[in-house]
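All ligand and atom numbering here is 1-based and tracks the order in the structure. Residue indices begin at 1 and follow the sequence shown.
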Amino acid sequence: MRHSTLTAVPARQILRFVLLMGMALARSSAATNYTISLANPQQHLLEVQILLPEGAAQRQLQLPVWNALYQVRDFAQYVNWVRAKDRSGHPLAVRALDTSRWQVADAQGGAVVEYQIFADSPAPFGTQFNSHHAFLNLAEVLMYPVDARNQPMVVRFSQVPGGWQVATPLTSMPEGRFSAENYDRLVDSPIEIGGFQESDFDEGGGHYRVIVDAESGDYDMEKIAAMLHKIVAAATSWMEDRPFDSYMFLYHFPRGPAGGGMEHSYSTAISVNADVLARAPDVLASVTAHEFFHLWNVKRIRPKTLEPVDYSHENYTRALWFSEGCTSTAADFIRLRGGLLEERPFEHELASGIAELEHRPAHLTQSAEESSLDAWLEGEAYYRRPERSISYYNKGELLGITLDLAVREASHGQASLREVFQWMNQNYAKKDRFFPDSDGVREAAEAVSHADLGWFFAKYVSGTEEIPWNDFFRSVGLRLIEGTTTVADAGFTASRNFDGPMAVTAVTTSSEAEGAGLQVGDTVLEINGKTAGQESSQEMARLNPGDTITVKIRARRGGERELKWKVGSRDEISYELRDMDNITREQRTRRAGWLKGEAEVLQATQPR
Ligand SMILES: [Zn+2]
């Protein structure tokens with residue numbers, strides 16, 4: 001959002017001003033108008049009506065094939081039928097051009113396009129309409145006129161069930177309508193309609209709304225607001241920027257499987273399982289800090305390869321290691337600054353992240369850039385195997401940590417990742433420019449450190465060289481200790497696609513798991529009585545060799561079964577970050593700056 005300052009207007013310009021106003025009005029009447037009917041929650045059916053203004057005779061309408069995840073999900077599979085008529089009600093011919101694009105004929109006088117779409121996929125990545133609520137990612141519901149994607153859009157809802165309210169970061173207009181300057185902005189705005197709870201607060205001049213859709217006993221609004229205060233204060237002070245007047249946090253805490261957050265320019269939608277929220281409330285702060293920082297990194301500090309968004313195909317980008325991974329690094333610093341993360345747990349998290357990367361054989365074959373490019377394969381269980389891929393979240397976060405330490409070293413403590421982000425904010429986001437992926441990050445890091453950092457990007461970003469961790473951590477007086485630990489081995493690995501079901505990706509040959517009948521491709525429903533999801537890795541970490549594990553599965557062939565077997569053991573390399581012996585004053589000073597995500601304070605120069 002931008003502020004415009006009012007200045008005195010010379011008389012000569014007033015006529016021109018009036019004419020411009022007239023044009024603006026004409027343009028707003030040429031907006032594409034959507035009406036979404038909520039008449040049928042039981043069957044999860046939304047009916048959409050699009051009023052197309054006058055224009056060309058042949059009009060094309062596109063429904064995006066992807067949104068909210070870097071995965072093609074072909075939302076058109078849910079469109080039951082499409083029809084069109086002119087303003088006087090005469091039917092117009094509709095012709096499907098491919099699975100997601102339709103052409104309407106004789107629409108020069110405007111047209112009314114109607115279709116029905118099924119929606120029953122949960123927040124934050126899906127669109128869900130049921131008798132409890134509607135949560136909408138509009139790109140999964142609304143077709144856009146191909147020739148008017150950059151024109152104003154207006155949306156309203158009809159037949160809204162009694163007692164339901166609408167929450168959205170979209171601009172509110174009279175008569176329950178909401179407007180956006182174009183389609184991209186429209187679909188960057190999630191919508192919750194239902195009986196949610198709402199709270200709000202102000203911090204540093206910004207207004208924040210908090211929307212929660214959950215059982216009232218499952219969360220504490222005051223605790224959430226207190227956490228949000230800390231996050232937004234820490235993040236805006238870290239960036240020395242607040243590029244919005246108002247921002248919305250939209251939470252779902254379902255009792256069933258959940259997990260994930262989706263970033264938007266003026267809001268975020270986040271789902272955390274109610275049990276996880278109760279047992280591990282830090283999860284909420286961690287996801288929230290990540291999604292909030294996205295309002296800069298990826299929404300405004302945006303890679304060139306994601307613009308303009310291609311809604312009809314995959315958008316290939318090598319930048320997700322930075323746009324996602326380094327967002328997690330920034331979220332670490334925000335939590336540290338906000339008092340939501342302490343030093344030792346932070347170092348413990350880093351060591352776990354290093355273990356996650358080092359334990360995946362693919363860290364020697366797939367680079368951080370390739371992992372970004374291959375994001376579109378993440379829906380495939382085989383692709384998620386440790387031999388096949390690494391995670392751009394995992395390696396990207398560690399690259400953020402090591403790049404930060406490299407910039408500090410090269411600049412003698414005078415710059416850090418914070419200055420890299422601030423530089424990119426000033427030189428790209430504030431100038432409405434998009435950065436050229438990794439080259440743009442390198443440009444910023446070199447500008448703030450006044451050093452050549454090409455080696456870092458060649459070896460660890462586009463390359464797959466082992467990261468010499470201790471070369472980086474030495475400057476803050478830490479060293480990575482490798483040890484061998486005997487760990488519990490349940491005999492299988494499983495993974496999930498964001499909030500999707502957990503799939504068995506490998507079963508160890510001649511293990512007890514294999515003997516019990518577990519097979520690759522089985523869906524894991526429960527582990528030791530707990531729903532498989534966000535917390536399963538912690539559940540697995542609690543196992544000891546010799547324990548009995550109970551896994552409820554839906555077999556690849558056949559129904560649900562409960563399998564039990566004895567957990568085995570194996571030796572594994574473990575990692576731990578520890579203080580070096582005899583830490584120097586320089587290392588101590590560097591560590592203090594590092595833990596605040598700040599450059600070191602310049603010592604006052606001695607008079608000569
Ligand atoms: Zn993210």
Subject >> Flag for T317-T305: side-chain donor and acceptor within less than 3.5 Å >> reply: yes
**OP:** Establish, from distance only, whether the side-chain atoms of E324 and H290 form a donor-acceptor pair under 3.5 Å.
**Re:** yes
Original post:
Sorted by chain and residue number, which protein N/O/S atoms are under 2.8 Å from the Zn ion (ligand 1)?
Top reply: H290 NE2, H294 NE2, E324 OE1
Original post:
Do the side chains of H252 and I270 get nearer than 4.5 Å, heavy atoms only?
Top reply: no
Original post:
Pairs in or reaching into residues 225-236: which pass salt bridge (Lys or Arg N to Asp or Glu O under 4.0 Å), with residues at least two apart or in two chains?
Top reply: none
Original post:
Parallel under 30°, tilted from 30 to 60°, perpendicular over 60°: which one fits the rings of W296 and F293?
Top reply: tilted
Original post:
In terms of ring plane angle, is the pair W594 and F473 parallel, tilted or perpendicular, where the classes change at 30° and 60°?
Top reply: perpendicular
